[in-house]
Amino acid sequence: KEILGSGSSALVFRELERQVDAYNFIESLDILKRIAAPLKITLTGLEKGAHLSNRSRVLLVDDQRSNVDLLKECLTDYDKVVALDGREALRLANAQTPPEIIILDIMMPEMDGYEVCRRLKEEERTKQIPVIFITAKKEVIDETRGFELGGADYITKPFSPEIVNRRTANHLELKHH
């Protein structure tokens with residue numbers, strides 16, 4: 001504090017902000033708090049889970065990193081948060097700043113996408129978040145099950161980036177109106 005002097009906290013925060021990974025902001029908040037505390041910097045608003053962008057927040061859930069990377073490339077207009085398994089998806093969906101929409105793979109080890117969706121739809125805090133299933137499962141029975149569990153949409157792999165982007169935008173527009 002003595003070294004920085006008064007008014008320097010904004011400069012320090014801007015530098016910290018540049019170093020934060022926008023995809024994992026909630027996790028980075030703890031780091032920001034630890035750095036800011038000795039400097040007596042108050043992170044006003046951030047403690048309540050506000051994020052740095054006004055763009056819609058999308059949770060991408062797939063156990064295959066290559067699939068997540070493809071989804072990140074086609075969803076450039078959104079802030080993206082990534083989970084590589086079902087448990088992490090549930091944790092991030094229940095974060096202080098929850099996603100506005102979830103793109104969810106079905107075939108994952110330990111907890112599949114169906115179970116993740118079922119649990120999301122049981123909880124008051126997460127039941128209104130639209131879930132778009134994205135999967136290699138192409139059978140009508142699989143798609144029907146996804147909708148029965150509360151899924152908003154169902155996209156089969158291999159997917160078209162334009163279709164994923166448009167369907168995501170459509171469901172966000174429906175949610176906001």
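Residues take their numbers from the sequence shown, with the count starting at 1.
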message: I'd like to check the salt bridge (Lys or Arg N to Asp or Glu O under 4.0 Å) partners of Arg87; sequence neighbours left out, ordered by chain and number.
response: none
- request: Taking salt bridge (Lys or Arg N to Asp or Glu O under 4.0 Å) as the test, write out the residues that go with Glu123, two or more places apart.
  value: none
Could you list the donor-acceptor pairs under 3.5 angstrom formed by side chains in residues 130-138, with sequence neighbours left out?
| residue | atom | partner | partner atom | Å |
| --- | --- | --- | --- | --- |
| Thr135 | OG1 | Lys137 | N | 3.1 |
| Lys138 | NZ | Lys157 | O | 2.9 |

field: Contacts of Glu122 that satisfy salt bridge (Lys or Arg N to Asp or Glu O under 4.0 Å) - sequence neighbours left out
entry: Arg118
Within 45° cone of Tyr78 ring axis and under 6.0 Å: Arg57 NZ or CZ: no
- line: Hits for side-chain contact (heavy atoms from CB on, under 4.5 Å) against Glu139, two or more places apart or cross-chain, chain-then-number order -> Ile141, Asp142
query: For Glu124, which residues count as a side-chain hydrogen bond (donor to acceptor under 3.5 Å, both in side chains) partner, sequence neighbours excluded?
result: Lys127
message: Glu162: which residues meet the side-chain hydrogen bond (donor to acceptor under 3.5 Å, both in side chains) condition with it, sequence neighbours left out?
response: Ser160
- request: Not counting sequence neighbours, which residues clear side-chain contact (heavy atoms from CB on, under 4.5 Å) with Arg65? List them please.
  value: Val68, Asp69, Lys72, Val82, Leu84
- line: Residue set satisfying side-chain contact (heavy atoms from CB on, under 4.5 Å) with Asp77, at least two apart, ordered chain then number -> none
- prompt: Can you name the residues that form a salt bridge (Lys or Arg N to Asp or Glu O under 4.0 Å) with Asp153, not counting sequence neighbours?
  reply: Arg167
- prompt: With His176, which residues qualify under side-chain hydrogen bond (donor to acceptor under 3.5 Å, both in side chains), at least two apart?
  reply: Glu100
- request: Would you please name every residue forming a ring pair (Phe, Tyr, Trp, His ring centres under 6.0 Å) with Tyr154, sequence neighbours left out?
  value: none
